[in-house]
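Residue numbers start at 1 and run along the sequence shown. Because the structure is predicted, anything quoted here is derived from the model rather than measured.
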Amino acid sequence: MALADLLRERPLVQAPMAGGASTPALATAVAAAGGTGFLAAGYRTAEAVADQVRAVREAGTSAFGVNVFVPSPAVAAPEELRDLRAALVPESRRHGAVLGEPLHDDDAWQAKIDLLCELAVPLVTFTFGCPDSAVLDRLRRAGSATMVTVTTVEEARTAVERGADGLCVQGLEAGGHRASYDPRTGGDRPLLDVLPDVVEAVDVPVVATGGLMTGGDVAAVLKAGAHAAQLGTAFLRCPESGAQPAHKAALADPGFTGTAVTWSFTGRPARGLVNRFVREHPGEHYAYPELHHMTRPLRSAAAAAGDPGGMALWAGQGFRAAEERPAGEVVARLRAEAAAHGTRI
């Protein structure tokens, strides 16, 4: 199915949330309710991605996609990595976790591209950059539509020039990582500010994402020119979500009052709930994925201990509207609210 047709039929898209929140169960539930489900290839092996795709297809789901991280260049200097590691020592002692090594890897990029060409999933999307034309062409020949996540008009034009079938436009309100090609120069504009500019600049289907939590939010971006709306935080508390229990609880905890963009968990900017770790580790450190690998054992230990203060609690600005209810019911609620705003989805 062409991308435009898929988005026209299923304009509610579940965001691909790497780190465990996106699961086959969540993608299947969203698709069964009439939306488009997503799996996240980021931080998984190619074999694990294959298993998840197989699980979705065995459940009878055909309207889904897989998101892939585009490899980042090595930019962190050795002395910066040493300083970052030293600053994390107190955190490692808190739960007795050993700091990870500052590895620079490509998240099994080639293996995942080869796999997705073999599996021919309906939609393959990219974050942290735009693949070259050969990769996009190869996926298209295999039967997959392609989409690149962008934060600026310039990024959007690059993606279209290289042959992307569509774009996902991300506003600053979004939870999780900023999708900027280069986080030092990427966009930092509200969704309803940047979206019209991208829609005007390109002639491909556009999906809008960033802080969307209600049907009214969905109606607003569709009226602004988007073909579909992508939501992540809205599904985090669903039983089908793989988010850690402490993460789900924090979204409803009145003790967490806001979000902020932090670089200190992974070396790339990402929005999450303001917790102890965010407050104690300020600064902008472009050290991805090295810092991600260093802090990963710390985050895992905090999650195992039920300590939200040491976890990466990714969340969009509208996090308080997330509900603890099945994903299908969330989709139905969004649809009813959009209808109340004069928009059918």
How are the rings of F126 and W109 set to each other: parallel, tilted or perpendicular (split at 30° and 60°)?
->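 Aromatic pair F126/W109 classed tilted.
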
Between F277 and F265, what is the ring plane arrangement, given parallel below 30°, perpendicular above 60°, and tilted in between?
->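 Parallel, since the angle between the ring planes stays under 30°.
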
Determine whether the aromatic ring centres of H247 and W314 lie less than 6.0 Å apart.
->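 Between W314 and H247, which both carry aromatic rings, the centre distance is not below 6.0 Å.
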
Got a sec, which residues hit side chain to side chain contact (heavy atoms under 4.5 Å, CB included) with [X], two or more places apart in sequence or on another chain?
| X | answer |
| --- | --- |
| S62 | none |
| T61 | T28, A31, V56, A59, F64 |
| A33 | V331 |
| S133 | D137, R162 |

Going by the rule salt bridge (charged side-chain N to carboxylate O under 4.0 Å, His left out), which residues pair with [X] if we only count those two or more places apart in sequence or in a different chain?
| X | result |
| --- | --- |
| D5 | R8 |
| E337 | R333 |
| D105 | none |
| R335 | none |

Tell me, with the steps shown, if T259 and R271 meet side chain to side chain donor-acceptor pair (under 3.5 Å).
-> CA-CA 6 Å; T259 65; R271 184 177 296 280; 3.1 Å; yes

Qualifying residues under ring pair (Phe, Tyr, Trp, His ring centres under 6.0 Å), relative to F319, sequence neighbours excluded =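 Testing F319 for ring pair (Phe, Tyr, Trp, His ring centres under 6.0 Å), a comparison that skips the adjacent residues, returns none.
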
Ring pair (Phe, Tyr, Trp, His ring centres under 6.0 Å) against H293, all qualifying residues, sequence neighbours excluded |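 Result, ring pair (Phe, Tyr, Trp, His ring centres under 6.0 Å) vs H293: none returned.
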
Can you tell me which residue pairs pass the salt bridge (charged side-chain N to carboxylate O under 4.0 Å, His left out) test with a partner in residues 212-237, sequence neighbours excluded?
->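 Non-adjacent pairs meeting salt bridge (charged side-chain N to carboxylate O under 4.0 Å, His left out): R237-E324.
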
Residue pairs fulfilling salt bridge (charged side-chain N to carboxylate O under 4.0 Å, His left out) with at least one residue in residues 195-214, sequence neighbours excluded =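 Qualifying pairs: R189-D197.
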
I would like to know whether L26 and M17 meet side chain to side chain contact (heavy atoms under 4.5 Å, CB included); could you show each step before the answer?
-> CA-CA 11 Å; L26 181 58; M17 296 172 283; 4.0 Å; yes

Report the C-alpha distance between H177 and T127 in whole Å, list the side-chain angles of each, state the deciding distance to 0.1 Å, and finish with yes or no for side chain to side chain donor-acceptor pair (under 3.5 Å).
-> CA-CA 9 Å; H177 282 98; T127 303; over 6 Å; no

So, for [X] and [Y], which heavy atoms are closest and what is the spacing to 0.1 Å?
| X | Y | answer |
| --- | --- | --- |
| L313 | A250 | CD1-CB, 4.0 Å |
| A27 | L39 | CB-CD2, 4.3 Å |
| P308 | N275 | O-ND2, 2.8 Å |
| G163 | L136 | C-CD1, 3.9 Å |

Could you give me the CA-CA distance, side-chain angles and deciding distance for T151 and V194, then say whether side chain to side chain contact (heavy atoms under 4.5 Å, CB included) is met?
-> CA-CA 8 Å; T151 63; V194 67; over 6 Å; no

Just how far is it from atom [atom1] of [X] to atom [atom2] of [Y], taken to the nearest 0.5 Å?
| X | Y | atom1 | atom2 | value |
| --- | --- | --- | --- | --- |
| L291 | R85 | CG | CZ | 11.0 Å |
| H292 | R299 | NE2 | CZ | 5.5 Å |
| L212 | Q230 | CG | CD | 9.0 Å |
| R184 | E284 | CZ | CD | 11.5 Å |

Hydrophobic cluster identity match, [X] and [Y], side-chain contacts under 4.5 Å:
| X | Y | answer |
| --- | --- | --- |
| V199 | L172 | no |
| V124 | L3 | no |
| V207 | L195 | no |

Report the C-alpha distance between F235 and F38 in whole Å, list the side-chain angles of each, state the deciding distance to 0.1 Å, and finish with yes or no for side chain to side chain contact (heavy atoms under 4.5 Å, CB included).
-> CA-CA 12 Å; F235 293 106; F38 252 97; over 6 Å; no

Heavy-atom side-chain contact between T158 and V150 under 4.5 Å =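 Side-chain contact under 4.5 Å: no.
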
V66 vs Q52 side-chain heavy atoms within contact, under 4.5 Å |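 No, side chains not in contact.
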
Side chain to side chain contact (heavy atoms under 4.5 Å, CB included) between S144 and L123, worked out = CA-CA 5 Å; S144 299; L123 178 58; over 6 Å; no

For D106 and P71, indicate whether the former's side chain and the latter's backbone hold a donor-acceptor pair under 3.5 Å.
->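 No, D106 side chain to P71 backbone: no donor-acceptor pair under 3.5 Å.
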
Answer yes or no: is there an ion pair linking E101 with R296, defined by an N-O contact shorter than 4.0 Å?
->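 No.
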
Identify whether the distance between the nearest side-chain nitrogen and carboxylate oxygen of D114 and R138 falls below 4.0 Å.
->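 The answer is yes: the pair qualifies as a salt bridge.
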
H104, NE2: over 12 other non-hydrogen atoms inside 6.0 angstrom |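 Atom NE2 in H104 is crowded, with more than 12 foreign heavy atoms closer than 6.0 Å.
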
